[in-house]
K.L.:
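Mind looking over this structure? Questions follow.
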Amino acid sequence: MTTVAHSGGRLWQARWPYLFLLPTAVLYGLYTLWPIAASWWYSFVSWSGFEGDKQFVGLQNYREVLADPLFWNSFGVTMLFMVVTVPLRVALGLAVALLLNHPRLPFQRLFRTAFFLPVVTTTAIVGVVMQFVFDPSDGPVAEVLHGAGAPGIDFLGSPDAALWTVVVVHTWKWVGVTMIYWLAALQTVPRDVLEAATVDGATGWQSFRHVTVPMLIPFFVIITLLTIEQNLQVFDLVMTMTGGGPYYATEVIELYIYRWAFAATVPELGFASAAAVVLGLVLLVVGVGQLVGVRAARRAAGGDA
């Protein structure tokens with residue numbers, strides 16, 4: 001009884017931090033935890049979102065989702081997008097970080113700010129601006145191609161080019177985040193070890209290959225997993241640039257869910273919720289992989305698992 005009273009007294013003394021955290025906790029519960037729980041429930045019912053009655057259908061929504069060719073198309077687009085953009089972001093971010101981490105490079109802060117500026121720009125604004133940039137009639141890219149005598153390309157209207165255009169824009173916008181990760185990782189490489197390698201006659205490439213790379217491997221695992229998780233969430237950019245078109249060529253899973261939940265003539269909230277749960281399970285697998293990868297990286301770095 002004394003222990004309970006003592007714990008209650010300590011909790012009362014620390015009431016102010018909890019009181020200030022209460023609004024955030026309430027909003028997180030209302031706008032994050034509750035929608036997640038509701039989505040799981042809706043995935044087992046047939047409901048358009050407008051009717052009062054919800055008909056329980058069990059696993060029927062999941063069977064229909066997994067039998068829909070357009071779902072697998074969106075799943076394939078999402079996986080292709082991830083497989084292409086993750087290596088691009090990781091490799092390009094490392095290259096930029098190595099360049100900006102060079103001690104003799106002037107205006108380092110200016111260049112770092114320039115590379116990171118697209119990250120803080122609203123994604124929806126970037127998508128709208130890129131629609132103008134890649135406009136096939138009078139956009140800047142079209143003008144450059146016409147001036148060079150090259151044939152015009154409808155970058156956002158062609159099924160063969162639209163996804164790759166989104167890949168380029170996405171990489172340009174978010175590579176600054178990966179660059180920051182790599183810059184933080186490069187700060188952990190002891191400068192005296194690199195100087196010792198130089199004294200021993202190692203070239204810049206040899207120092208990078210035999211000294212820097214082994215020390216960056218744990219960070220490579222973490223950065224890659226973080227990038228995979230981020231690249232699975234590209235709804236806003238794809239929505240504003242292509243809307244999932246043309247002919248579903250850029251429809252990622254998030255857009256597939258949005259289309260069935262809000263953009264369909266007759267919305268199917270239960271069906272969309274089932275697709276959302278499937279996406280959530282994919283993200284869960286990625287999250288578990290991230291946890292395992294982080295622990296493996298810590299063990300490789302000599303830390304505690």
Side-chain angles (χ1 to χ4, degrees), residues 69-70 73-100 105-180 182 227-228 230-256 258-259 262-263:
L70 289 180
N73 172 77
S74 65
F75 185 84
V77 170
T78 303
M79 292 299 105
L80 176 61
F81 184 89
M82 184 182 66
V83 167
V84 174
T85 53
V86 169
L88 271 178
R89 279 184 56 182
V90 172
L92 188 58
L94 176 59
V96 174
L98 288 171
L99 178 63
L100 298 185
L105 179 70
F107 308 111
Q108 285 188 359
R109 293 185 179 179
L110 177 62
F111 287 124
R112 291 181 184 184
T113 302
F115 276 102
F116 194 76
L117 191 60
V119 175
V120 298
T121 306
T122 305
T123 307
I125 294 177
V126 170
V128 172
V129 171
M130 289 303 166
Q131 282 186 329
F132 163 73
V133 170
F134 291 104
D135 189 288
S137 57
D138 56 359
V141 175
E143 293 294 335
V144 171
L145 292 177
H146 293 159
I153 301 175
D154 190 355
F155 288 95
L156 298 179
S158 169
D160 297 326
L163 182 62
W164 306 113
T165 305
V166 176
V167 165
V168 171
V169 175
H170 172 86
T171 303
W172 165 78
K173 173 169 171 49
W174 293 109
V175 72
V177 173
T178 315
M179 175 198 71
I180 294 298
W182 280 120
T227 307
I228 289 173
Q230 293 169 359
N231 284 16
L232 284 172
Q233 304 171 23
V234 294
F235 170 83
D236 42 4
L237 182 63
V238 178
M239 182 67 183
T240 52
M241 286 188 66
T242 65
Y247 308 111
Y248 306 103
T250 61
E251 187 178 68
V252 293
I253 292 183
E254 293 172 305
L255 267 174
Y256 177 87
Y258 170 83
R259 178 165 60 84
F262 304 107

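Heads up: numbering here begins at 1 and tracks the sequence.
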K.L.:
Quick one: list whatever passes ring pair (Phe, Tyr, Trp, His ring centres under 6.0 Å) with Phe132, sequence neighbours left out.
P.N.:
none
K.L.:
Provide the full list of side chain to side chain donor-acceptor pair (under 3.5 Å) pairs with a residue in residues 127-152, sequence neighbours left out, each pair given once.
P.N.:
Asp135-Ser137
K.L.:
What pair of heavy atoms forms the shortest contact from Pro140 to Val133, and how long is it?
P.N.:
CD-O, 3.4 Å
K.L.:
Do any pairs count as a side chain to side chain donor-acceptor pair (under 3.5 Å) and have a residue in residues 74-90, sequence neighbours left out, and if so which ones?
P.N.:
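Non-adjacent pairs meeting side chain to side chain donor-acceptor pair (under 3.5 Å): Thr85-Asn231, Arg89-Thr178, Arg89-Gln230, Arg89-Asn231.
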K.L.:
Using atom types as modelled, flag every donor-acceptor pair under 3.5 Å from a side chain in residues 237-245 to any protein atom, sequence neighbours excluded.
P.N.:
| unit_1 | atom_1 | unit_2 | atom_2 | d |
| --- | --- | --- | --- | --- |
| Thr240 | OG1 | Asp236 | O | 2.9 |
| Thr240 | OG1 | Leu237 | O | 3.1 |
| Thr242 | OG1 | Val238 | O | 3.2 |
| Thr242 | OG1 | Gly244 | N | 3.2 |
| Thr242 | OG1 | Thr250 | OG1 | 2.6 |

K.L.:
Testing the basics here: between Pro246 and Ser158, what is the closest heavy-atom pair and its distance to 0.1 Å?
P.N.:
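Heavy atoms of Pro246 and Ser158 come nearest at CG-C, 3.6 Å.
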K.L.:
Examine distances only and state if a side-chain atom of Trp182 and a backbone atom of Leu92 form a donor-acceptor pair shorter than 3.5 Å.
P.N.:
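The answer is no, because no donor-acceptor pair under 3.5 Å joins these two groups.
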K.L.:
Kindly give the heavy-atom pair with the smallest separation between Pro87 and Met82, and that separation in Å.
P.N.:
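So the two residues come closest at CD-O, 4.1 Å.
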K.L.:
Would you indicate whether Phe116, at its atom CZ, is surrounded by more than 12 heavy atoms from other residues, nucleotides or ligands within a distance under 6.0 Å?
P.N.:
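Counting neighbours around CZ of Phe116, more than 12 heavy atoms of other residues, nucleotides or ligands fall under 6.0 Å, so yes.
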K.L.:
Between atom NZ of Lys173 and atom CG of Leu117, what is the distance when rounded to the nearest 0.5 Å?
P.N.:
9.0 Å
K.L.:
Going by the rule ring pair (Phe, Tyr, Trp, His ring centres under 6.0 Å), which residues pair with Phe81 if we only count those two or more places apart in sequence or in a different chain?
P.N.:
His170
K.L.:
Does some side-chain heavy atom of Val126 sit less than 4.5 Å from a side-chain heavy atom of Met130?
P.N.:
yes
K.L.:
Less than 4.5 Å apart, any side-chain heavy atom of Asn73 and any of Val77?
P.N.:
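Yes; the side chains approach each other to less than 4.5 Å.
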K.L.:
Closest approach of Pro106 and Phe111, non-hydrogen atoms and distance?
P.N.:
O-CE1, 3.4 Å
K.L.:
How long is the straight-line distance from CG of Leu163 back to CD of Glu251, given to the nearest 0.5 Å?
P.N.:
12.0 Å
K.L.:
Indicate the atoms forming the closest heavy-atom contact of Leu100 with Met179, along with that distance.
P.N.:
CD1-SD, 3.5 Å
K.L.:
Heavy atoms, side chains only, cut-off 4.5 Å: are Phe134 and Val168 in contact?
P.N.:
no
K.L.:
Applying ring pair (Phe, Tyr, Trp, His ring centres under 6.0 Å), name anything that partners Phe235, two or more places apart in sequence or on another chain.
P.N.:
Tyr258
K.L.:
Provide the closest heavy-atom pair for Met79 versus Leu232 in the form atom of the first, atom of the second, distance.
P.N.:
CE-CD2, 3.8 Å
K.L.:
Go through the steps to decide whether Val84 and Trp164 satisfy the test side chain to side chain contact (heavy atoms under 4.5 Å, CB included), and finish with yes or no.
P.N.:
CA-CA 9 Å; Val84 174; Trp164 306 113; 3.7 Å; yes
